[in-house]
Amino acid sequence: MKKSIRDIDPTHMKVLVRADFNVPLDQGKVSDDTRIRMTLPTLQHLLEHKALVVCCSHLGRPKGKVDEALRLNPVADRLSELLKTPVKKVDDCVGPEVEQAVEALKPGEVLLLENLRFHPEEKANDQGFAQKLAGLAELYVNDAFAAAHRAHASTEGVAHHLPAVAGLLMEQEIEALKRVLDNPRKPFVVILGGAKISDKIGVIERFLEMGDSILIGGGMANTLMKAKDFEIGQSLVEDESLDQARSLLEKAGEKMLLPDHLVVAEAFDPQARRKTVSVGEVPPEWRIMDIGPNTVRRFTEKLDTAKTVVWNGPLGVTEMSDFAEGTNQIARILARLDAVTIVGGGDSVAAVNQAGVADQMTHVSTGGGAFLNFMEAKTLPGVAVLKDA
Ligand code: ADP
Ligand code: MG
C-alpha cells in the first residue's frame, strides 16, 4: 500500500498537488468538469487542514511551448466555483513570478500553476525542472492516476525531491483496481473493445491467464475475425497484427468469445444505411460498426454468471448513436449484475455515462493508459515513486 494524505498531518504545510485537470474545453469554458470534481476530496482535505495548496496539471498537447488555447484559466474558474473559494492562478509553473505567488499564499488558500506542458522539460522528466517544481513546496501529493503511467517531471521526477504521498483519488483507484487483480471473485469475465487490437495485446494476454471468459467486440474484434478467415469487408482492421491475433486465438481456445452477429453499415457515417448480419456475411463493400443483438445475448449469458467484470473499450462506434446500442445494452446489463464491476478507459467511461449507469458500477476508473497498464501489472512510475505505507 502507498502512503496517502490520510497517513500524515498536512496542517499548515505547503503542498504541491499534481492533479489531472486535462478537461475538455469549449469556447474558453470547461465543458466537462468530471476530472476536476474527482480531485475535490483531496483538495478539501488539505484545505480543512489549512494547508497552502499549490495545484498543477497538464492540459492537452501544447508540445513544449505556450499555447494560448491551452491555458488553465478556465480550470481555475471552475475549480473556484466547485471549492467555493477563490483560486489564484499564475501564468507559468516555475520561475520568480510563481515563487512570489507561492510565498504570498496563506493557510487554506489555493494557487493553480500554468499548464506544465508549456515546458518541454515536463515530458522529458528533466531533473532541474523537477527540482524547481519541488522547490515550491514541502510535500508532494499525486492525485493524477490517469497520468501515472508516464514518468514526467510532475508525475515522477518531483517525487525524488519531496516527501511524496497519494491523494485520495489516487488511493481509491489503486485500492479498487488492486482488489480485483489480487483476488478476483470468480467467474471473472473481461470485456474488451475499442479501436485497435495492437494497443491491447498485452492486456488480452494477461486476462487470458487471469480471466474465465473474455468477450471481445469493437474494432479490435475485426482483426480477430479476419484472422479466422471471416469476410470483414471494409471494416477497420490491423493487418500487421494478424499473426499476433492468430496466436491469441490459439492460446485462448474456448475462453474468448467473438461476435457472431454484427451491425454493419454502408459507410463510416452516422447516417449510413445499416443492417444486422451473421459473422461471415459482411458484404464486401460494408463495414462492421457494432455488435448485433444475438451477440449481446451471448455475452449477457456469460455476464449473468460473473462475480467480477472488468471492461475496457466500447463494443461499437459509440460516437454515432446508431452504433452505440450494443455498448449501451452491455452497460445496462453490468449495472444490474450482482458482481464487482470495473470500467476503465476514456471512451468506455463516456459510454457508461451516456448509458446513465456509471453510479451503478463498483468502480469507474479515471485512467485510460494508466488503467490498462495497471491491469497488465506493469509498474506505473507515478505510483512506484510514492512512499510505501
Ligand atoms: P477507451 O478510450 O475506452 O480505452 P478506445 O480508445 O480503445 O477505448 O476505443 C474507442 C474507439 O473505438 C472509439 O473511437 C470507437 O469509435 C472505436 N470503435 C469501436 N468499435 C469500432 C468499429 N467496429 N469500427 C471502428 N471503430 C470502432
Ligand atoms: Mg480512447
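Every number for a ligand or one of its atoms is a count from 1 in the order of the listing. Values in this document were obtained by computation on a predicted structure and should not be read as measured data. Hydrogens, waters and symmetry mates are skipped; everything else that's a heavy atom, side chains included, is used.
Salt-bridge formation is detected for the pair R273/E266: a Lys NZ or Arg NE/NH1/NH2 atom is positioned less than 4.0 Å from an Asp or Glu carboxylate oxygen. Salt bridge annotation for K29-D26: absent, with no cationic side-chain nitrogen under 4.0 angstrom from a carboxylate oxygen. Taking 4.0 Å as the cut-off between side-chain N and carboxylate O, D143 and R18 do not count as a salt-bridged pair. E68 and R71 are joined by a salt bridge, as a carboxylate oxygen and a charged side-chain nitrogen come within less than 4.0 angstrom of each other. Under the 4.0 Å criterion applied to side-chain N and carboxylate O atoms, E301 and R298 are not assigned as salt-bridge partners.
Every protein residue with a heavy atom nearer than 4.0 Å to ligand 1 is included here: G194, A195, K200, G218, G219, L236, I288, M289, N312, G313, P314, G316, V317, E319, G345, G346, D347, S348.
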Inset, instruction - Would you sort out whether D20 and H58 count as a side chain to side chain donor-acceptor pair (under 3.5 Å), showing the intermediate values? - result: CA-CA 7 Å; D20 174 21; H58 77 282; 4.8 Å; no
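Within the sub-2.8 Å shell of the Mg ion (ligand 2), the protein contributes these N/O/S atoms: D347 OD2.
The local environment of CZ in R336 is crowded, with over 12 non-hydrogen atoms from other residues, nucleotides or ligands closer than 6.0 Å.
Residue pairs meeting the side-chain hydrogen bond (donor to acceptor under 3.5 Å, both in side chains) criterion with at least one partner in residues 221-236, sequence neighbours excluded, are K226-D239.
Scored by the salt bridge (charged side-chain N to carboxylate O under 4.0 Å, His left out) test, R150 finds no partners at all (sequence neighbours excluded).
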